[in-house]
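Hydrogens, waters and symmetry mates play no part in the numbers below; they use all other heavy atoms, side chains included. Because the structure is a prediction, the values reported are computed rather than measured.
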Amino acid sequence: MDNQKRVFTFGNGHAEGRADMRNLLGGKGANLAEMNLIGIPVPPGFTITTEVCNEYYEIGREKVIALLSDEINKSLRLIEENTGMKFGDPEKPLLLSVRSGARASMPGMMDTILNLGLNDEVVEGLARKTNNPRFAYDAYRRFVQMYGDVVLELKPASKEEIDPFEAIIDQVKKEKGVKLDNELETEDLKRLVTLFKAAIIEHTGKRFPDDPMEQLWGAICAVFGSWMNERAILYRKMEGIPQEWGTAVTVMAMVFGNMGANSATGVCFSRDAATGEDIFNGEWLVNAQGEDVVAGIRTPQQITLEGSRRWAELQGFSEEERREKFPSMEEAMPEIYKELDALQTKLENHYRDMQDMEFTVQEGKLWFLQTRNGKRTGAAMVKIAMDLLQQGMIDEKTAIKRCEPLKLDELLHPVFNKKSLQEAKELTRGLPASPGAACGQIVFFADEAVKWHKDGHKVILVRIETSPEDLAGMAEAEGILTARGGMTSHAAVVARGMGKCCVSGAGAINVDYKKRIVEIDGLILKEGDYISLNGTNGSVYKGKIATQAAELSGDFAALMDLCAKYTRLKVRTNADTPQDAEVARRFGAVGIGLCRTEHMFFDNEKIVAMREMILADDIEGRRKALNKLLPYQKEDFKAIFKTMDGCPVNVRLLDPPLHEFVPHDKKGQAIMAEEMGVTPEYIKQRVDSLYEHNPMLGLRGCRLGNTYPEITQMQTRAILTAACELKKEGFDPHPEIMVPLIGILYEFEAQEKVIRQEAAAIFAEQGVEVEFKIGTMIEIPRAALTSNRIATRAEYFSFGTNDLTQMTFGYSRDDIATFLPIYLEKKILKVDPFQVLDRAGVGQLIQMSVEKGRSVRPSLKCGICGEHGGEPSSVHFCHEVGLDYVSCSPFRVPIARLAAAQAAVEE
């Protein structure tokens, strides 16, 4: 035996633990100990540590029982001393509750067993002692049912069948002619116990154990076992809770809310979890146990009089009906309510945060069973933090740390109407590529999305995958659904930039463009049918679900002001249009970190000129086409520079391969042939000539500019002419010209020479000069490794973490969805590296590149413009390695600002 302490006791104002031991005792165990220390009435008990949970899975049940046996027995004796009761003794029956408690709150995900310690002898002793046989047998039937479900694993034979215990209860109530469980009498409850035990044998082949110690060990091991149940695993995955944290197990003396009219149970919150209002609220039930409140067995009542009246009004009850049928605790138990209100205030003041509490009243005595920092909506999160700051309960840095960056999404994007969502049918789920809610009619082609929108329809663009050519349709759609693609696929990246709802990589959907249908698990949906998308969780629903715009409060603005006060790392945006730039600036972006010029070519007139350039046989033909594009590009840049007046705008020169600008279907090629005045066969021949086996590693980026320098000349002229004209008009443009996809210094130098020569000519023509910088995107590992050479010429680095991740891992960011779920399930990968920056590999390249670059150019400005720029843990990393800024899609700017502020205050 080792000397490791595995069990920590609490009770009667004493405790071996405290609140800051949540990693060891779990949130529930740590807070129960803390409540004892500050004088909150808590039943005595003990907590088995989270470390034992890991031992349970490493060495097995029997060895864990052997390790714990002595400490459990000593702890049980302490509970007996504190209560004057004895476990398993019919004359002085001590009953226990056994509950889970991870360090991070996981409400309802793991198992609980109440009323443990009852058998046929003990229940008779409990009936005599309390002089309340109905209460004793009500506790017994609840225990047998819960133990049978949780420990002995009696489950329905199929999802279509009712739980066997509930079927038995329904049958007994039907025979008795009653509707509610609490209308059953003592003999009925005795019969339930007998029927429950028989059902356990019938369905599991196991017998319900009479030995209280056997019951206790079964319950403890079952709670440890529930750490790995399906819902707990899924919840941890959603919340980012590591499996190795484990759960603690807390064993407490039972207190009973079902001992008659002077007993009750309930759940309460020190503030409103939905709105954040500083209003005490909650629900309670007379003569009930805790699960009755949450299981829907009976209609719970409101704790406060104000809440009760508000609830009754919504339900359509008169004030007289409310008082008679649903009185508040404030009215029915005024003294207990007064004590509860005082203690909830004490707890909030102690923890300095909104508390979610469970309580029981046993024969007029109030007991607290749990307190924890309450789960809350994004809006409530911001309001509570700012209110606590204003009330002097927390300081500014704590207010910043209290807010979860990703929950700000809830404040920024349209949301579904909750009532409508409850009635909706979920068809499938994909990747939550871009948050928000969207509802519209299915269309399959971008040009038809534009047309339908123009005709007044709201549409959802459904594609196997999207390309830049779909941009116009994406811009007009309410949302985008794709069968392929990951979180940084084209659809995902562009949708986030637009603030559009997007679900990508929905593998269950089969799109048939010819028939204009999409099949989802046997259901056929046609063009024009309505679907709804939830881009926050990836759900796809059939039909219409009403949406509503999110409303930003003054608390949100106050939080952003607070972030600005402490942040060192600046936040820019990825924006290709004045509209995107305006949204981002409203959210506090201080510049554009990535302006993709290729996205400007996809309207009807520009694409024709672009295709002329691609099809040209010689430099003269290309220049002629580029001269048509020049005024369009200049006006686009001028509009963006004007929107971002006084702020830097980082413009990436043309990056994608040329094949993305030409159609690959016969219909599209025929239209292009007519536009160009040539035959469809000629167009097909030229399109085929652009084919590359691996276009993402082919003729694109700086390779395109170095092969056809006239493209770089045109774009430089458009950028700097726009800036010069604005400067003459009194604006303050700050252009930055970024050369993409370099791997060696000479690629950059060749492009830099073209840019500087063109700049000199422009400034001479315009009679005015503007300051501008020339930098590069570091997205190839070789560029990162040789950045000390590249920094001799480049004035700034922008890390394109999407491609850098792709090339470092060797994963295609558009095809990773085919194996990513398996890799995550098998724990080959802990997270999607395209969502969360890989610090060990990609991060090491970034850090090395920054250090080497600044070793030769100390003033080198460095930032990232991949989608990691809006992911909180990645933003923390960028702060740690000394980047100057992160850049992200407009609707992620507040998230990045909060994460950057948190990184600063936690440093």
* Asked: Taking it one step at a time, do Asp655 and Arg596 satisfy side chain to side chain contact (heavy atoms under 4.5 Å, CB included)?
  -> CA-CA 8 Å; Asp655 182 53; Arg596 308 171 185 88; over 6 Å; no
* Asked: Just how far is it from atom CD1 of Ile774 to atom OG1 of Thr716, taken to the nearest 0.5 Å?
  -> 7.5 Å
* To do: Would you indicate whether the side-chain heavy atoms of Met610 and Leu654 approach each other to under 4.5 Å?
  => yes
* Asked: Under a 4.0 Å N-O cut-off, is there an ion pair linking Arg839 with Glu880?
  -> yes
* So Arg700 and Glu660, side chain to side chain contact (heavy atoms under 4.5 Å, CB included) or not? Walk me through it. -> CA-CA 11 Å; Arg700 54 169 288 222; Glu660 291 194 5; over 6 Å; no
* NZ/NE/NH1/NH2 to OD/OE distance under 4.0 Å, Arg652 and Glu598 -> yes
* **Atom pair CG/CZ of Leu408 and Phe587 - distance to nearest 0.5 Å** => 10.0 Å
* Any donor-acceptor pair under 3.5 Å from Arg463 side chain to Ala446 backbone -> no
* Asked: Which of parallel (below 30°), tilted (30 to 60°) and perpendicular (above 60°) describes Phe797 and Phe799?
  -> perpendicular
* To do: Please determine if Glu478 and Lys544 form a salt bridge, counting it only when a charged side-chain N lies under 4.0 Å from a carboxylate O.
  => no
* Ser874 side chain vs Gly869 backbone, donor-acceptor pair below 3.5 Å -> no
* Quick one: does Arg703's side chain have a donor or acceptor within less than 3.5 Å of a partner on Leu697's backbone? -> yes
* To do: Using a cut-off of 6.0 Å, state whether more than 12 heavy atoms not belonging to Glu582 lie near its atom CD.
  => no
* Asked: Do you see a donor-acceptor pair shorter than 3.5 Å between the side chains of Tyr796 and Asp884?
  -> no
* Do any N or O atoms from the side chain of Asn574 and from the backbone of Cys865 form a donor-acceptor pair under 3.5 angstrom? -> yes
* Can you tell me if Gln441 uses its side chain to pair, donor with acceptor, with the backbone of Glu527 under 3.5 Å? -> no
* Is any side-chain heavy atom of Ile640 less than 4.5 Å from a side-chain heavy atom of Val651? -> no
* Glu871 side chain to Phe834 main-chain N or O, any donor-acceptor pair under 3.5 Å? -> no
* Separation between SG of Cys888 and CZ of Arg897, rounded to the nearest 0.5 Å -> 10.5 Å
* With rounding to the nearest 0.5 Å, note down the distance linking CG in Leu411 to NZ in Lys383. => 12.5 Å
* To the nearest 0.5 angstrom, please state how far the CD1 atom of Ile464 sits from the OG1 atom of Thr482. => 10.0 Å
* Structure fact -> So CG of Leu653 and CG of Leu741: to nearest 0.5 Å the spacing works out to 12.0 Å
* Give a yes or no answer on whether the side chain of Ser849 reaches the backbone of Leu845 with a donor-acceptor pair at less than 3.5 Å. => no
* **Polar contact flag, side-chain donor to acceptor under 3.5 angstrom, Gln633-Gln715** => yes
* Asked: So does Arg572 pair up with Glu736, basic N to acidic O under 4.0 Å?
  -> yes
* **Donor-acceptor contact below 3.5 Å, side chain His664 vs main chain His659** => yes
* To do: Could you tell me how the ring of His457 sits relative to the ring of Trp452: parallel (under 30°), tilted (30 to 60°) or perpendicular (over 60°)?
  => tilted
* Do the non-hydrogen side-chain atoms of Arg611 and Phe601 ever get within less than 4.5 Å of each other? -> no
* **Electrostatic pair Asp447:Lys451 at N-O distance under 4.0 angstrom** => no
* Asked: So does Lys634 have more than 12 non-hydrogen atoms from other groups sitting under 6.0 Å from NZ?
  -> yes
* To do: Please find out if less than 6.0 Å separates the ring center of Tyr513 from that of Phe445.
  => yes
